[in-house]
Colleague: 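Next up is a structure, given as structure tokens.
To find a chain, count down the sequence lines: A is the first, B the second, and so on, and within it residues start at 1.
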Number of protein chains: 2
Amino acid sequence: MSHSTEQTPERPTGQAVPTSADVARLAGVSRATVSYVLNNTSAVRISEPTRRRVREAAEELGYVPHAAARSLRAGHSRMVLLPSAHIPVGPLYSQFFHDLQWELRRLDYTVVQYGSVGLKPDEAARAWAELRPVAVVSLGEVELTEQSVELLKRSGARAVITLGTQQVPGTHSLALDQGRIGEVATAHLIESGRRRIGVVVPEEPGLGMFSQPRLEGAQRAARTAAATEAGAGADAVGVTVVPLPLRYDEESADELAGRWRELGLDAVFAYNDEYAMLLMRALQDAGISVPEETAVVGADDLLLGRLLRPRLSTVHIDMVLGRELAELVDRAVRDTDVPPRSRRLLDSRVVRRESS
Amino acid sequence: MSHSTEQTPERPTGQAVPTSADVARLAGVSRATVSYVLNNTSAVRISEPTRRRVREAAEELGYVPHAAARSLRAGHSRMVLLPSAHIPVGPLYSQFFHDLQWELRRLDYTVVQYGSVGLKPDEAARAWAELRPVAVVSLGEVELTEQSVELLKRSGARAVITLGTQQVPGTHSLALDQGRIGEVATAHLIESGRRRIGVVVPEEPGLGMFSQPRLEGAQRAARTAAATEAGAGADAVGVTVVPLPLRYDEESADELAGRWRELGLDAVFAYNDEYAMLLMRALQDAGISVPEETAVVGADDLLLGRLLRPRLSTVHIDMVLGRELAELVDRAVRDTDVPPRSRRLLDSRVVRRESS
DNA sequence: ACACAGTGCTCACACGTGTCACTGACACGT
DNA sequence: ACGTGTCAGTGACACGTGTGAGCACTGTGT
């Protein structure tokens, strides 16, 4: 156990990190000149020989400007804060996330992931504000209140963008209408003549913000179908929607499939292609024929779903492009007064294959 | 088109972001006192009434300290830089990445994703060094040279950690031994009596750093098998390994399956469970029976692979835990002189199911 | 000889913090 | 009255950078 004084970190490689002052000394000019040369400031003229000397000195010392000092002086940063949640999210989201980062980087922003779980809205907003980001893109796992948005804006954020279910005033709210997914899936099933429809609700924690709206969308579809059907005066049997809790493992699926007959369902919207594949397999193993006895619909339009027999019907989701969102961020940052409007995104449509 | 002067950003909400000086003014104390109170500095005693006044003033103004200024003064940050690549990486990696971020956040680090593609090693290192991160965790998509590592360390990075194939001096190299995956898979196939073995090599750009070592591992397994077999003197027929380029779509898979018979293969290691599922389906559709005519092995041990018939054999990968890595980062940051050792991670073992 | 403009560069301040050294004020013991 | 000690707090500097104002010098036109 070393009894190190622990006060000064003491880089063992005695050489400290060089600053622009060091460059200036070596080049025999003032620090201001160094700054002008290295930033190619056009307003000030520096002779070509001097420029060369400065550049060579910087090169020799391995000078690297200090981003924090720079943005402190400038009064603003180019940091986009991306609060990241602890949710086991599918490939569609992963892809979107990745694209978004990529495109922001291309626009010369620095993306900062900031895990903030178990924080209250105002605590989270405070923590974010410390970083003085120029924009915040939240996925709604932390519910922003109006005042935390104001705090963020006061601390320099020129754009606050929320993707989620609810919309917060003062932000660009992009409504990822999860309900619509459940709705179109269920409407499709009803249209195909199904009447008792199960809706898988994953038990995994953190998925509630997706699964709950989808369930509600399914129920909505059931209600509207009942209404129009009554108007048509035809066979006005009601449509029933039954929530089905399910964990993402074979045991849970087998258990559910085991008591399928007593549930008396003739269709299921399985939240997801992954859950759908899991459940469909379990149903088949339990002797339930798909789609004859029970129709199955997933969501996300994964390639793998096409490989099963029967091919999995699914809901294709037109996810907002990472690129598009990155451009929105950029526009909002540059023109402060882009009106914070709400847009509804996430259009979705059923892709019928063989399982329904 | 507005002829805005564009010089000062001019927050429309005239109120600027409050600093500790504002708090001091409002509380009627000096700025130093504010700093002492808000940081709970124990070395200096401040009376309880004053503490309250300061806290209330800070509360009222909605004061939030400026992280950049703070770490500028402190001389170091708690920022961990995570260069993110443009690679379409599977669920295993996504999970790992997510965990890592999570755990680092728990240890009070700030994770900064920094996309750096198409940059040369020294350019990338320079860009990273500007942020003065306290640690860098690279996944090897940018090949760090020894001198870029030195640059990073000189600019304050107390730990540079690379996960990848090669190991760079001066860093904690965690060797994700991709080759081993191909090796165990192929060894398993040989042991099961297969002799002409295909190895899928994804055509997706950016996957080369994974696929190439796996292919080489397969070839290595073939050579050692040939050697020991020759020693045993038994049927010393050589083992052949054939690379199979494949895109992740049905068309490409069908095309490959179409000319399967002329390839004359009796087994295939498909890089991945996802590619394996894709290819297996295509083979079955082309009338090739699995595993009788051709054995198929994937990798990653995805749940979905268990749902196919026949169940997909796979290579289970003991991925390094995000938590474990986060703790390594923390240790390396706190004790500067943790020797930069190389560890070999990523142990892998075959899980035989039905497709081989 | 003087004004004036242009060139090439430097001085000094500001950004928002943390912290070391120091100062008044007061109490206590002699 | 004087030294000593504690308490509560302040003044001032440093961190590394960008930039407006200004300065010395040189040519050029009157």
Colleague: Counting any heavy atom closer than 4.0 Å, what does B/Thr33 reach on the DNA or RNA strands: base, sugar-phosphate only, or nothing?
Modeller: base
Colleague: Pick one: which of A/Arg106, A/Gln101, A/Arg105 meets side chain to side chain donor-acceptor pair (under 3.5 Å) with A/Glu103?
Modeller: A/Arg106
Colleague: Send over the distance from B/His66 NE2 to C/dG18 C1', rounded to a whole Å.
Modeller: 15 Å
Colleague: Please assess B/Glu327 against B/Arg323 for the test salt bridge (charged side-chain N to carboxylate O under 4.0 Å, His left out), listing each intermediate value before the final yes or no.
Modeller: CA-CA 6 Å; B/Glu327 274 160 8; B/Arg323 162 174 217 151; 3.5 Å; yes
Colleague: In whole angstrom, what separates A/Asn40's CG from D/dT17's P?
Modeller: 17 Å
Colleague: Counting only Watson-Crick or G-U wobble pairs whose two distances fall under 3.5 Å, which nucleotide matches C/dT30?
Modeller: D/dA1
Colleague: Measure the distance from NE2 on B/His76 to P on C/dT17 and round it to the nearest whole Å.
Modeller: 17 Å
Colleague: Measuring from the side chain of B/Tyr63 (C-beta onward, heavy atoms only), which nucleotide among D/dT17, C/dT17, C/dC9 has the closest atom?
Modeller: C/dT17
Colleague: To the nearest Å, how far apart are A/Glu130 CD and C/dG16 C1'?
Modeller: 13 Å
Colleague: Among D/dA12, D/dC7, C/dT10, which nucleotide sits nearest the side chain of B/Ala32?
Modeller: D/dA12
Colleague: Which nucleotide in the set C/dC11, D/dG18, C/dA21 lies at the smallest distance from any side-chain heavy atom of A/Arg73?
Modeller: D/dG18
Colleague: By the 4.0 Å heavy-atom rule, please label A/Thr50 as base, sugar-phosphate, or nothing.
Modeller: sugar-phosphate
Colleague: Checking contacts here: which listed nucleotide (D/dG18, C/dG16, D/dC13) is nearest the side-chain heavy atoms of B/Arg31?
Modeller: D/dC13
Colleague: Return the value, rounded to whole Å, for the distance between atom CZ of A/Arg51 and atom P of C/dT7.
Modeller: 14 Å
Colleague: Would you give the length of the straight line joining atom CG of B/Leu81 to atom OH of B/Tyr109, rounded to the nearest 0.5 angstrom?
Modeller: 14.5 Å
Colleague: How many whole angstroms separate atom CG of A/Leu72 from atom P of D/dG18?
Modeller: 11 Å
Colleague: Given the rule in the salt bridge (charged side-chain N to carboxylate O under 4.0 Å, His left out) test, do B/Glu150 and B/Lys153 qualify, once you have shown the distances and angles that lead to the verdict?
Modeller: CA-CA 5 Å; B/Glu150 208 213 344; B/Lys153 292 211 162 177; over 6 Å; no
Colleague: Which listed nucleotide (C/dT17, C/dT10, D/dT17) is nearest to the side chain of B/Ser20?
Modeller: C/dT17
Colleague: Applying the side chain to side chain contact (heavy atoms under 4.5 Å, CB included) test to A/Tyr63, which of A/Val17, A/Asp22, A/Leu38, A/Val54 qualifies?
Modeller: A/Leu38
Colleague: What's A/Thr19 touching, base or sugar-phosphate or nothing? Going by heavy atoms closer than 4.0 Å.
Modeller: sugar-phosphate
Colleague: In whole angstrom, what separates A/Glu48's CD from C/dC9's C1'?
Modeller: 15 Å
Colleague: Just to be sure I understand the rule, does B/Ser47 reach a base, reach only the sugar-phosphate, or reach nothing, if contact means heavy atoms closer than 4.0 Å?
Modeller: sugar-phosphate
Colleague: Looking only at the side chain of A/Tyr36 (C-beta and beyond, no hydrogens), which of the listed nucleotides D/dC7, D/dG18, D/dT19 gets closest?
Modeller: D/dT19
Colleague: Measure the distance from CZ on A/Arg70 to C1' on D/dT19 and round it to the nearest whole Å.
Modeller: 14 Å
Colleague: Could you tell me whether the phosphate oxygens of C/dG8, OP1 or OP2, come under 4.0 Å of any side-chain nitrogen or oxygen in A/Arg45?
Modeller: no
